Amino acid sequence: MASERNDFIRDIIDDDLRTGRHVKVATRFPPEPNGYLHVGHAKSICVNFGIARDYQGTCNLRYDDTNPTKEDIEYVESIERDVRWLGWSPTAVLFSADYFPKMYELAERLVREGKAYVDDLSDEQIREYRGTLSEPGRPSPHRNRSVDENLDLLRRMKGGEFPDGARVLRAKIDMASANMKMRDPLLYRIRHAHHHRTGDAWCIYPMYDWAHPIEDAIEGITHSICTLEFENNRELYDWVLDNTGPWNPRPHQYEMARLALEYTVMSKRKLLTLVKDHHVRGWDDPRMPTISGMRRRGYSPEALRAFAEMIGVAKANSMVDIGKLEYCVRDDLNQNAPRALGVVRPVEVEVTGSIDTKTVDAPFFPPDVGKPGSRPLPVSNRIYIDREDWSDDPPADFKRLALGRTVRLRHGYCITADEVVARDAAGHVTKLRAHVVEGGKGLSVIHWVDAATSVPAEVRLYGRLFKVAQPEEGGGDFLEHLDPASLEIVEGARVEQSLANAEVGSRWQLERVGYFRVDEDTKPGKLVLNRISTLRETVAPKAVEAAPAEKEPSGGERKKENAKAKTRPKSKSPQEYRAEARSRDPRLQAVFDAARSHGLPEDQADLLSGDLGTATLFSKAADKVPAALVAKWIINELPRALDGKPVDGFAGDELVAMLEALQAGSITPVLAKTALAQIAAGKRFSDLKLEPAKAVDLGAAIDPVIAANPDKAAQYKAGKTGLLGFFVGQVMKSSPGADAAAVNQAVRDRLG
RNA sequence: UCGGGGAUCGUCUAAUGGCAGGACAGGAGCCUUUGGAGCUCUUUAUCAAGGUUCGAAUCCUUGUCCCCGAACCA
């Protein structure tokens, strides 16, 4: 189905579809409308909508608007616009607020079933009663109110009888849970606030952990994808589903790593600070990592989708190289942005000598892009070139214009510089004289525009907002890392005539300068161009001012992170748990002692006596089969066969039967492993159809494999010994009864 | 009474006991009327140590490091 693209979520979906757990796939993108979407959301959008697309499923856009004090209609509108601009069409556009009646109904059900209660504690008290990471919490004095009282109180909460913060509805779960999220989580709080969608209909609002699973369940979401920080919430998510259902399909939550990107910040709070404190011009400032900012900058939906594809989906926290985004943007633009000429800092050049044409026909794309189209380019003997392309004192590898040097004008003729005619106050050249070189050859090709017909433009040169790769690291204020040079506005640029009426939103490559988008600020007669990206520079033309921004925070900041880790209490190790279990349960200790008396080393005895399931399995089997053999199979092989299933259900008699057969030599170890997996799946050993160990003609088994892979055989002989496993694996596949060790040796012999 | 996750080239990500692969970045070369693009070649990785196995990134053990969790936020 989606075999070409593999990530852990798609693996799970493939599995769910294969086993029939689900017949359809339904996902959702659930933003809270309290800010603009950013590139991190773009990843989530592409994952959720991408899955729906790949599996012919559905994906809803659902506003998670359960907190009226933070949310706003402005954000609602921007979010849907951004999702659609990215190229996705929601199956439905929905609002959590529309489920408020159903959520409330289920809350009453919980109360009636004695699974929720109204608490009068203040927020500080609730926090205090909750305990800490390493200490259990205490029950609220109101935890055991009667159902009737709870129901009455809840209804009065809903009726608006109490002020904000006076009471909350809490689930009655377990104040001593190691998972803080399960310590009687809040379900409803009182908020006499106007909601953007429900107005003043409600004065109690559901919390995320209550609302989200119900929303998913109501919509029939099968795979509810969120980010890693919600891992602890999953237990509660499942609890809510268990106590409000039955639901079919029953949603399941999966967590993936959120996107972190170099040279930017992603939290809504920080983005909001940038906007509110005017460090940028708005949510859609082209330097912002918001989708609207990137759109205004000139990034295309295709580029953003390609980026999402490139970074993949996984569970490991990561920091993505900003170069990957820039690559995707350039890759798209190279194919799609027509070329034009423009100079950012014009230097007038008076060209002497004859010019035979008035215009040249210049193609929009270079031959390697291979797209059609061209425009006429006026040519004359008064032109502008870019200040970048001139040097008073050219270094040896300078390939552009200097006194006495010759360059070719793009799409035009060659010129040789004769004389500097004028300079500005700063000493920059403003006017040159040059002459045409007939049939000449230039050092390089430079861009230019015709002086008479070119049009003025304001060029906004955007760079990275921050000077450092990780502005949030180091403990200081992220604003300190803002790059004051992230925007440079150049007023006096000139671009070729054909751009005079370029459409707002159109994207162009100004050859050798960069990619640009026509900005919304453009007015008739005043073209405004945003630089989307520079061109890639294999040899930096401005090597002098290169001084790349420091990539790594300094060492001192490093230390701080570690100190933080050290303050965390240390968890118990599995070994300690097993020791504890034994001291609690004499039966386990007895198995430990028995294992020792069988001659097993202490570490094995320890592993076999940590829980009752494993311990009984071992002691039963060790009565009939040598203990060392049993230990080895239980410790090393059983976990994989079980694949997460509990040991308790594993049939010990079958294990014994299998091990006896193995001992008798009637099955090979390879077969024994597959048998173990089958037993774990509930089969009886005697019912298994297993090829008996037999004398396989190794030559007959191996030769065809070698013959079928002559190139690999050659590589092996040349020293790529890793291929041995490949050959053995192939042979084992074709001759299941073979003895792997013998095959291994025989392949080795044969390939010399 | 702490619990939940994670660790593979510089970066991101594959490999589900059998060839450690791809992409980005880097390097070398070719090509080029964009110092762009393209093409070719190429450097570089399984957190550590033990164990099981013919064979381990993958299974077991111990250890190390990183992230998340104690809002009436989501």
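Letters go in sequence order (proteins before strands), and every chain restarts at 1. Everything numeric here is computed off the predicted structure, so don't read it as measured data.
- Counting non-hydrogen atoms under 4.0 angstrom, A/Lys673 reaches a base of the nucleic acid.
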*If pairs are Watson-Crick or G-U with both distances under 3.5 Å, what is the dot-bracket string of RNA chain B, marking crossing pairs with [ ] and pairs to another strand with |?*
.((((((..((((....[..)))).(((((.......)))))....(((((..]....))))))))))).....
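- Separation of the P atoms belonging to B/U13 and B/G63 is 28 Å when rounded to the nearest angstrom.
- Taking atom P on both nucleotides, B/G29 is separated from B/C65 by 45 Å, rounded to a whole Å.
- Residue-level contact check: A/Gln575 touches the backbone only, with heavy atoms under 4.0 Å from sugar-phosphate atoms and none from bases.
- A/Leu121 comes within 4.0 angstrom of a nucleotide base, judged by non-hydrogen atoms across all strands.
- Using a 4.0 Å heavy-atom cutoff across all strands shown, A/Arg408 reaches at least one base atom of the nucleic acid.
- Nearest to the side chain of A/Arg130, among B/U34, B/A70, B/G18, sits B/A70.
- The residues A/Lys70 and A/Glu32 are annotated as not salt-bridged, no charged nitrogen and carboxylate oxygen being separated by less than 4.0 angstrom.
- Side-chain proximity of A/Asn636 to B/A71, B/A74, B/U52: nearest is B/U52.
- In this structure, A/Lys324 reaches the bases: a heavy-atom distance under 4.0 Å links it to at least one base atom across the strands shown.
- B/A74 and B/G38 are spaced 46 Å apart, taking the C1' atom of each and rounding to whole Å.
- A/Asn233 comes within 4.0 angstrom of a nucleotide base, judged by non-hydrogen atoms across all strands.
- Taking 4.5 Å as the limit, every side-chain heavy atom of A/Leu638 sits out of range of all side-chain heavy atoms of A/Trp633.
- Across all strands shown, A/Leu535 has heavy atoms under 4.0 Å from base atoms, whether or not it also approaches the sugar-phosphate.
- No engagement by A/Leu228 is indicated, since no non-hydrogen atom pair under 4.0 Å with the nucleic acid exists.
- The listed nucleotides are B/G10, B/G69, B/U34; the one nearest the side chain of A/Asp321 is B/G10.
- Taking atom C1' on both nucleotides, B/C19 is separated from B/A57 by 14 Å, rounded to a whole Å.
- Only the C1' atoms considered, B/G55 is 23 Å distant from B/C47, to the nearest whole Å.
- Heavy atoms of A/Thr132 sit under 4.0 angstrom from at least one base atom.
- Looking at heavy-atom distances under 4.0 Å, A/Lys712 makes contact with a base.
- Listed nucleotides: B/C73, B/A71, B/A25. Nearest to the side chain of A/Arg536: B/A25.
- Within 4.0 Å of A/Leu607, counting heavy atoms only, lie sugar-phosphate atoms of the nucleic acid but no base atom.
- For A/Glu255 (side chain) and A/Glu231 (main-chain N/O), no donor-acceptor pair under 3.5 Å exists by modelled atom type.
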Which atom pairs, one a donor and one an acceptor, fall under 3.5 Å between side chains of residues 186-193 of chain A and the rest of the protein, sequence neighbours left out?
from	atom 1	to	atom 2	distance (Å)
A/Tyr188	OH	A/Tyr104	N	3.2
A/Arg189	NH1	A/Thr66	O	3.3
A/Arg189	NH1	A/Tyr205	O	3.3
A/Arg189	NH1	A/Pro206	O	2.7
A/His192	NE2	A/Phe162	O	2.8

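- Among the protein residues, A/Met207 comes within range of the sugar-phosphate backbone only, with heavy atoms under 4.0 Å from sugar or phosphate atoms but none that close to a base.
- Backbone-only contact: A/Pro639 has heavy atoms under 4.0 Å from sugar-phosphate atoms and none from a base.
- A/Gln253 and A/Ser224 share no donor-acceptor pair across their side chains, judged by distance under 3.5 Å alone.
- Closest to the side chain of A/Pro366, out of B/U34, B/A23, B/C2, is B/U34.
- For the C1' atoms, the distance from B/G10 to B/U43 is 12 Å, rounded to whole Å.
- Nucleotides B/C9 and B/U46 place their C1' atoms 10 Å apart, quoted to the nearest Å.
- Using P as the reference atom, B/A20 and B/U53 are 22 Å apart when rounded to the nearest Å.
- For A/Glu388 and A/Arg512, the salt-bridge test fails: no basic side-chain N is under 4.0 Å from an acidic carboxylate O.
- Following rounding to the nearest Å, A/Leu671 (CG) and B/U53 (P) show an atom-to-atom distance of 17 Å.
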*Take A/Tyr63 and A/Phe29 through the ring-ring contact (aromatic ring centres under 6.0 Å, His included) test and state the conclusion after the steps.*
CA-CA 8 Å; A/Tyr63 295 97; A/Phe29 172 62; 8.8 Å; no
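- Looking at heavy-atom distances under 4.0 Å, A/Tyr188 makes no contact with the nucleic acid at all.
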